[in-house]
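Comments concern the structure below.
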Amino acid sequence: LYAEGPGSSRQEWESSGGSFFVLSSSRLDERNKGSSIGIEGFALFARNHPGARLVLIGWGTGSKETKALIEKLGIADKVIYLPVSAKGRIRDYLRSADAFLDQFVLGYFGSAGLEAMACGLPVIGRIEADQYEAICETGAPPILNSMAPDEVAMNLRSLAEDPQQHRHVRQASRQWFL
């Protein structure tokens with residue numbers, strides 16, 4: 001069941017010294033997903049947030065390049081790699097995280113973003129809001145629109161530093177899904 005609730009993986013992740021967990025279960029793919037934008041944005045954010053952790057399910061055509069970028073950015077000690085998992089485990093990961101990085105190229109959310117919103121998780125990615133406004137009677141989803149690393153960092157900072165904003169985006173995400 002995709003719903004809000006506590007995730008059991010969070011306790012394990014906290015053993016890394018982390019306190020704010022940013023999950024990406026989307027495939028790592030530069031051309032179609034723009035994975036580097038999310039990774040670079042996380043790195044900018046993590047500079048001033050020692051408890052920040054990037055939780056990656058490292059799959060996709062760009063997984064080698066992503067690992068190299070993580071090393072280059074000096075954030076390898078802030079990354080938790082998870083194996084490709086069944087949907088039940090993914091739901092637990094979504095419930096354990098504080099924010100979700102989706103895609104930054106196409107302007108549309110896919111199944112991973114929809115799963116995150118179903119669990120009430122704030123989604124950061126690129127969205128063509130005008131198109132969703134035109135075709136969805138509920139309007140565009142409350143995705144935190146980001147097209148560049150600094151925008152990703154700004155949105156992560158807002159979620160991490162403002163509990164009321166974080167709660168509001170969580171509720172809006174779940175409500176939009178429903």
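For reference, positions follow the sequence shown, starting with 1.
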Atom pair CE (Met154) and CZ (Phe45), whose distance is rounded to the nearest 0.5 Å: 13.0 Å
Heavy-atom side-chain proximity of Val123 to Pro141 below 4.5 angstrom: no
Arg170 side chain near Pro122 side chain, heavy-atom distance below 4.5 Å: yes
Shortest non-hydrogen contact from Ser16 toward Ile80: OG-CD1, 3.8 Å
Spacing of Phe20 atom CZ and Leu159 atom CG [to the nearest 0.5 Å]: 5.0 Å
Salt-bridge criterion met for Glu14 and Arg10 (N-O under 4.0 Å): yes
Leu144 reachable from Met147 in the ILVMFWY side-chain graph, under 4.5 Å edges: no
Ile75 reachable from Leu156 in the ILVMFWY side-chain graph, under 4.5 Å edges: yes
For Ser19 against Asp98, the heavy-atom pair lying closest together: O-OD2, 3.8 Å
Whether Tyr132 and Trp176 hold their rings parallel, tilted or perpendicular, with breakpoints at 30° and 60°: perpendicular
Atom pair CZ (Phe100) and CE (Met117), whose distance is rounded to the nearest 0.5 Å: 9.5 Å
Path from Trp13 to Tyr81 over hydrophobic side-chain contacts below 4.5 Å: no
Heavy-atom closest pair, residues Glu30 and Ser36: OE2-OG, 2.7 Å
Student check: side-chain heavy atoms of Ser26 and Phe104 closer than 4.5 Å: no
Shared hydrophobic cluster, Leu121 / Val55 (ILVMFWY, side-chain heavy atoms < 4.5 Å): yes
Residues in side-chain hydrogen bond (donor to acceptor under 3.5 Å, both in side chains) contact with Ser96, at least two apart in sequence or another chain: none
Main-chain N/O of Leu23 paired to Ser25 side chain as donor or acceptor, under 3.5 Å: no
Heavy-atom side-chain proximity of Val79 to Arg53 below 4.5 angstrom: no
Hphob cluster co-occupancy, Tyr2 + Ile57, side-chain heavy atoms under 4.5 angstrom: yes
Side-chain (Arg174) to main-chain (Ala118) donor-acceptor, under 3.5 angstrom: yes
Minimal non-hydrogen separation, Asn155 against Asn145, with atom names: ND2-O, 3.7 Å
Side chains of Tyr93 and Ser85, donor plus acceptor under 3.5 Å: yes
Polar side-chain atom of His49 near backbone of Glu161 as donor-acceptor pair, under 3.5 Å: no
Any donor-acceptor N/O pair, Lys78 side chain to Pro50 backbone, under 3.5 Å: yes
Between CD1 on residue Ile39 and CG on residue Leu73, distance to nearest 0.5 Å: 8.5 Å
Contact summary for Leu28 and Leu56, nearest pair of heavy atoms: CD2-CD2, 4.3 Å
Rounded distance [0.5 Å steps], CD in Glu4 versus CD in Gln171: 7.5 Å
Ser24 OG to Asp102 CG distance, which is reported to the nearest 0.5 Å: 7.5 Å
Atom CD of Glu133: over 12 foreign heavy atoms under 6.0 Å: yes
Validation row: Arg89, Pro83 side chains within 4.5 angstrom (heavy atoms): no
Main-chain N/O of Arg91 paired to Glu115 side chain as donor or acceptor, under 3.5 Å: no
pair Glu40-Leu69: side-chain heavy atoms closer than 4.5 Å: yes
Side chain to side chain contact (heavy atoms under 4.5 Å, CB included) partner of Phe42, chosen from Leu54, Ile70, Ile37: Leu54
Carboxylate-amine/guanidinium proximity below 4.0 Å for Arg95 and Asp92: no
Expected output: side-chain Gln103 to main-chain Arg126 donor-acceptor under 3.5 Å: yes
